[in-house]
Amino acid sequence: MRVEIWSDIACPWCYIGKARFAKGLAEFAHRDEVEVVFRSFELDPNSAKGVTAPVLEMLAKKYGRTLDEARGMEEHVAAAARSEGLDYRTEGRDHGNTFDIHRLLHLAAARGRQEELLDLAFRANFAEERSVFDPEVLLALAVEAGLEEAEARAVLADDSAYAAQVRADEREAAELGANAVPFFVLDRRYGISGGQPAEVFTRALEQAWAGREIDEPQPTAEACDPDGACAVPQA
């Protein structure tokens with residue numbers, strides 16, 4: 001069975017959803033026969049390359065909230081992340097264009113190191129004092145993931161490198177009706193949207209394996225929209 005996951009490094013529910021999926025997969029009896037492939041999805045493709053903004057300011061502007069209210073939204077996400085054993089910083093993170101990150105993830109996929117780079121980039125963006133929008137930080141993450149520095153640097157220097165692969169992933173997402181991420185596709189037959197609980201993923205895997213129609217995913221699962229907004233339910 002192949003599971004494809006469309007996500008963006010800027011999406012907190014993709015970070016959380018990946019961890020929840022991993023837990024759900026661990027409970028699946030045929031987990032060793034599942035191939036997981038990560039696909040590209042830019043939340044804010046029109047943002048200017050090299051231009052970043054603090055996440056709290058972006059959230060406040062997007063939702064028409066004060067900085068304190070935006071901070072509360074981030075605390076809600078942080079609590080969800082920490083409940084999955086993930087570190088999450090609510091202050092000091094920035095937001096920007098993720099196209100270069102996706103291009104580098106395609107290089108990593110070609111070298112068999114995609115998930116390693118994805119995990120490192122998620123952690124750098126959400127848990128560490130490193131900006132994934134800094135090319136030198138991104139290069140360091142690539143090397144840490146096991147890529148050759150010269151090859152990774154060449155990809156970052158050439159805007160056309162792996163650009164077609166990123167665009168192809170995004171076209172497929174649109175064709176499949178993905179209007180939020182994370183978006184999970186099981187064997188190109190069943191789709192699940194949002195950072196669902198681990199048990200939902202386990203049940204979906206079991207039912208997809210058996211060839212039966214899966215249950216509808218929970219409609220309240222958190223996700224990030226294509227315009228870059230991440231819905232954060234308030235308590």
Side-chain angles (χ1 to χ4, degrees), residues 4-15 17-18 36-55 57-59 61-62 92-183 185 223-230:
E4 295 164 278
I5 306 174
W6 273 262
S7 62
D8 192 4
I9 202 67
C11 166
W13 297 112
C14 296
Y15 177 50
K18 183 178 183 299
V36 180
V37 179
F38 297 93
R39 302 294 191 191
S40 298
F41 190 107
E42 293 174 272
L43 287 175
D44 195 5
N46 296 319
S47 60
K49 181 178 178 178
V51 177
T52 61
V55 167
E57 290 182 12
M58 181 274 292
L59 288 173
K61 181 178 180 180
K62 183 70 184 180
R93 294 194 298 108
D94 52 9
H95 178 81
N97 185 287
T98 58
F99 189 58
D100 281 350
I101 302 171
H102 286 294
R103 293 194 303 109
L104 206 55
L105 282 166
H106 274 280
L107 167 65
R111 301 295 177 262
R113 310 299 295 176
Q114 187 186 45
E115 188 165 10
E116 288 83 356
L117 179 56
L118 182 61
D119 284 339
L120 288 168
F122 270 140
R123 188 164 70 240
N125 189 44
F126 291 108
E128 299 175 348
E129 296 290 340
R130 294 196 286 176
S131 172
V132 295
F133 306 103
D134 180 334
E136 290 303 314
V137 170
L138 193 52
L139 181 63
L141 293 173
V143 172
E144 191 175 343
L147 299 179
E148 292 292 334
E149 180 177 351
E151 186 175 34
R153 190 181 293 277
V155 167
L156 290 175
D158 178 3
D159 288 342
S160 68
Y162 293 98
Q165 288 88 334
V166 175
R167 298 306 183 210
D169 279 356
E170 293 173 337
R171 284 195 300 273
E172 280 195 284
E175 291 166 1
L176 290 168
N179 55 16
V181 287
F183 186 68
V185 176
C224 294
D225 296 332
D227 64 358
C230 294

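- Residue Glu148 places its CD atom among 12 or fewer non-hydrogen atoms of other residues, nucleotides or ligands, all under 6.0 Å distant.
- In this structure, OG1 in Thr98 is found 11.5 Å from CZ in Arg103, a value given to the nearest 0.5 Å.
- Taking 4.5 Å as the limit, every side-chain heavy atom of Asp134 sits out of range of all side-chain heavy atoms of Leu139.
- A donor-acceptor pair under 3.5 Å links the side-chain atoms of Asn97 to the main chain of Ser47, judged by distance alone.
- In this structure, the side chain of Gln114 engages the main chain of Phe38 through a donor-acceptor pair within 3.5 Å.
- Ring orientation note: the planes of His106 and Tyr162 are close to parallel, at an angle under 30° on the 30°/60° scale.
- Going from atom CH2 of Trp6 over to atom CG of Leu176 covers 5.0 Å, rounded to the nearest 0.5 Å.
- Salt bridge absent: Arg113 and Glu151 never bring a charged side-chain N and a carboxylate O closer than 4.0 Å.
- We find the CD1-CZ distance between Ile5 and Phe41 to be 14.5 Å, quoted to the nearest 0.5 Å.
- When every heavy atom of Asp159 is checked against every heavy atom of Lys49, the shortest pair comes out as OD1-NZ, 2.8 Å.
- Remark: His102 NE2 to Leu107 CG distance equals 14.5 Å, nearest 0.5 Å.
- The minimum heavy-atom distance between Val181 and Leu43, with the atom names listed, is CG2-CD2, 3.6 Å.
- Scanning all heavy atoms of the two residues, the minimum distance from Tyr15 to Arg123 falls at CE1-N, 4.5 Å.
- Closest of all the heavy-atom pairs between Cys224 and Trp13 is SG-CD1, 4.0 Å.
- Between Leu141 atom CG and Leu104 atom CG the span is 9.0 Å, to the nearest 0.5 Å.
- In this structure, Lys18 pairs ionically with Asp119, as a charged nitrogen and a carboxylate oxygen lie closer than 4.0 Å.
- Smallest separation of non-hydrogen atoms from Ala124 and Val132: CB-CG1, 3.9 Å.
- Shown here for Ala10 and Asn125, the closest heavy-atom pair between the two residues is CA-ND2, 4.0 Å.
- Taking CD from Glu170 and CD from Glu42, the interatomic distance works out to 4.5 Å, rounded to the nearest 0.5 Å.
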